[in-house]
Amino acid sequence: MADQDDQYRQEPAPLHPAPTYALTVAGKDITPFVDARLISLTLTEGRENTADQLDLDLSDHDGLLELPRKEAEIELSIGWLGQLLVDKGSFVVDEVEHTGAPDKVTIRARAADMGGEIRNRKEKSWRNTTLGTVLADLAKRSKLTHKVDERLAKTAITHITQTNESDMHFLTRLARKYDAVATVKKKHLLFMPINGTKNSKGEKLPTIHITRRDGDQHRWSSSTRDAFDGVKAYWSDSVNGKRKLVVAGKKDGNTKTLKETYASEKDALDAAKAERQRIERGMATFELALAMGRPEITAQSPIKVSGWKEEIDGDDWLVKEVTHSLNDGSGWTSKAQMERGSRLTST
């Protein structure tokens, strides 16, 4: 998920929108060099357990293009001439490919903060603490600053264990358990509710309005196949050794049962609530391709649309993944995968 920090480039605004971008390596602007060889630039941002990815296809028609070293760090901003560029963060080169003919170099780079210490496997247990304390410990040992949603930070944890798994994998597991998004950008860990729609600085993301006129292609889908009235979860009562049940939603009707047995009633209920909210969001999805891209759209952006069917316009949408693409001779295009914003406020 990317920051909404902007930087300004001084080119005069053209009569027709023209795409632009800025690439820097070690503080050096490499945009002119890349521009002369650029075939395509693709940026994919998501909130799942994958790092944001930058793909560059560059022409090597004259054989003079030097292959970049792995682990080189690239900073990217994108936008339109005469407008503020949107800072999309830093990426580390981890794959380089040379193909032909015609000869070209493909560079793949992933979000810079998703490597190193945060990917190393570790073991640790926490007892009788809070989620905020656990996250603070994870941030400290990876030398990150951090910001945690106040409500989530106060969540009581009876017992949780990190067993031979990386901090990133463990963060992802915690995020799924509490229906949150865990992101690391510019040495900063953010842990927020999925419906919190905030960037890596903890600032609220603005709602983006899109009309049918803005859209190019779309796909809306609604299904009740995986609909459930409630979610059941079991927990182990250490006092009498019995296995007990909690339910988020309706106890009767079509219910889903979680496989894991949790350490406490609260842990079980938190997990059941999170799963119910995921089910609710996934019951309607909306994919939208924009011929004129919107660089400000990022994972977690709240979207409001108009000009489609009442069922589509009436929902608040939340971006799950977005791909921004720039091809030789074309402008920015954006493709967003969205799910319905959760309406759940209680069990």
Side-chain angles (χ1 to χ4, degrees), residues 1-14 16-47 50-59 68 72-93 105-114 183 185-186 199-201 203 205-206 208-210 214-216 288-303 319-338:
M1 185 178 66
D3 294 340
Q4 297 298 301
D5 293 339
D6 299 322
Q7 64 184 64
Y8 189 70
R9 298 185 71 189
Q10 298 296 323
E11 297 93 337
H16 300 287
T20 190
Y21 59 92
L23 288 167
T24 60
V25 175
K28 181 181 178 181
D29 184 7
I30 64 167
T31 311
F33 170 78
V34 171
D35 218 24
R37 295 178 176 273
L38 184 68
I39 299 172
S40 67
L41 184 160
T42 303
L43 172 66
T44 302
E45 302 173 281
R47 70 162 183 251
T50 54
D52 295 348
Q53 181 169 316
L54 170 64
D55 293 283
L56 292 169
D57 284 336
L58 304 177
S59 171
E73 189 167 320
I74 304 172
E75 295 184 6
L76 171 70
S77 296
I78 66 175
W80 298 94
L81 278 174
Q83 299 179 12
L84 297 176
L85 297 191
V86 180
D87 181 0
K88 291 297 185 178
S90 300
F91 302 83
V92 172
V93 175
V105 173
T106 298
I107 301 169
R108 295 186 180 91
R110 292 178 173 82
D113 295 299
M114 293 301 188
T183 60
K185 296 284 185 182
K186 296 187 175 180
N199 65 15
S200 61
K201 287 187 174 180
E203 301 165 340
L205 293 171
I208 297 172
H209 296 268
I210 298 176
D214 300 321
D216 184 14
L288 183 61
L290 300 174
M292 183 172 174
R294 301 283 291 270
E296 70 272 25
I297 297 177
T298 186
Q300 287 298 102
S301 286
I303 304 288
V319 176
K320 187 175 182 180
E321 181 179 288
V322 60
T323 300
H324 301 288
S325 300
L326 174 63
N327 296 313
D328 185 25
S330 70
W332 284 112
T333 61
S334 299
K335 184 175 182 180
Q337 298 178 30
M338 296 172 271

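Values reported hereafter were calculated over all heavy atoms of this structure, with side chains retained and with hydrogens, waters and symmetry mates removed.
- With contacts defined as side-chain heavy-atom distances shorter than 4.5 Å, the pair M292/W80 qualifies.
- Looking at every heavy atom in both residues, P19 comes nearest to L81 through O-CG, 4.5 Å.
- With sequence neighbours left out, D57 forms a side chain to side chain contact (heavy atoms under 4.5 Å, CB included) with I39, S40, K104, T106.
- For the pair T42 (side chain) and S325 (backbone), a donor-acceptor distance under 3.5 Å is absent.
- Atom-to-atom distance recorded for E321:CD and Q337:CD is 4.5 Å, nearest 0.5 angstrom.
- Put simply, the side chain of H324 never gets that close to the backbone of I78: no donor and acceptor are under 3.5 Å apart.
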>> Before you tell me yes or no, could you show the steps for Q53 and R108 under side-chain contact (heavy atoms from CB on, under 4.5 Å), namely the whole-Å CA-CA distance, both residues' side-chain angles and the distance that decides it to 0.1 Å?
In response: CA-CA 7 Å; Q53 181 169 316; R108 295 186 180 91; 4.0 Å; yes

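- The backbone N or O of R294 sits nowhere less than 3.5 Å from a side-chain atom of W332 that would complete a donor-acceptor pair.
- Contact detail for A22 and L85: the closest heavy-atom pair is CB-CD1, 4.1 Å.
- Taking every heavy atom of both residues into account, E296 and S301 meet most closely at O-OG, 3.9 Å.
- Scanning both residues, T24 and D29, for their nearest heavy atoms gives CG2-CA, 4.0 Å.
- Interatomic distance, OG1 of T44 versus CG of L54, reported as 9.0 Å (0.5 Å rounding).
- In this model, a donor atom of one side chain and an acceptor atom of the other lie less than 3.5 Å apart for T298 and E45.
- For D35, the side chain to side chain contact (heavy atoms under 4.5 Å, CB included) partners at least two apart in sequence or on another chain are Y21.
- Of the possible polar contacts, none joining the R110 side chain to the D52 backbone as a donor-acceptor pair under 3.5 Å is found.
- Residues L288 and I210 have side chains in contact (heavy-atom distance under 4.5 Å, counting atoms from C-beta outward).
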>> Test side-chain contact (heavy atoms from CB on, under 4.5 Å) on L290 and T333; report intermediate values, then the result.
In response: CA-CA 6 Å; L290 300 174; T333 61; over 6 Å; no

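- Side-chain contact between Q300 and V319 is absent, with no heavy atoms from C-beta onward closer than 4.5 Å.
- Looking at K88, its side chain does come within 3.5 Å of a backbone N or O of P295 through a donor-acceptor pair.
- Between F91 and L43 the shortest side-chain heavy-atom distance falls below 4.5 Å.
- Note that the CD1 atom of I208 and the CD1 atom of I303 stand 4.5 Å from one another [nearest 0.5 Å].
- Looking at L38 and L326, their side chains come closer than 4.5 Å, going by heavy atoms from C-beta outward.
- When side chains are defined from C-beta on, I107 counts as touching P68, because their heavy atoms get closer than 4.5 Å.
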> Step by step, would you call L41 with L76 a side-chain contact (heavy atoms from CB on, under 4.5 Å)?
Replying inline: CA-CA 11 Å; L41 184 160; L76 171 70; 4.3 Å; yes

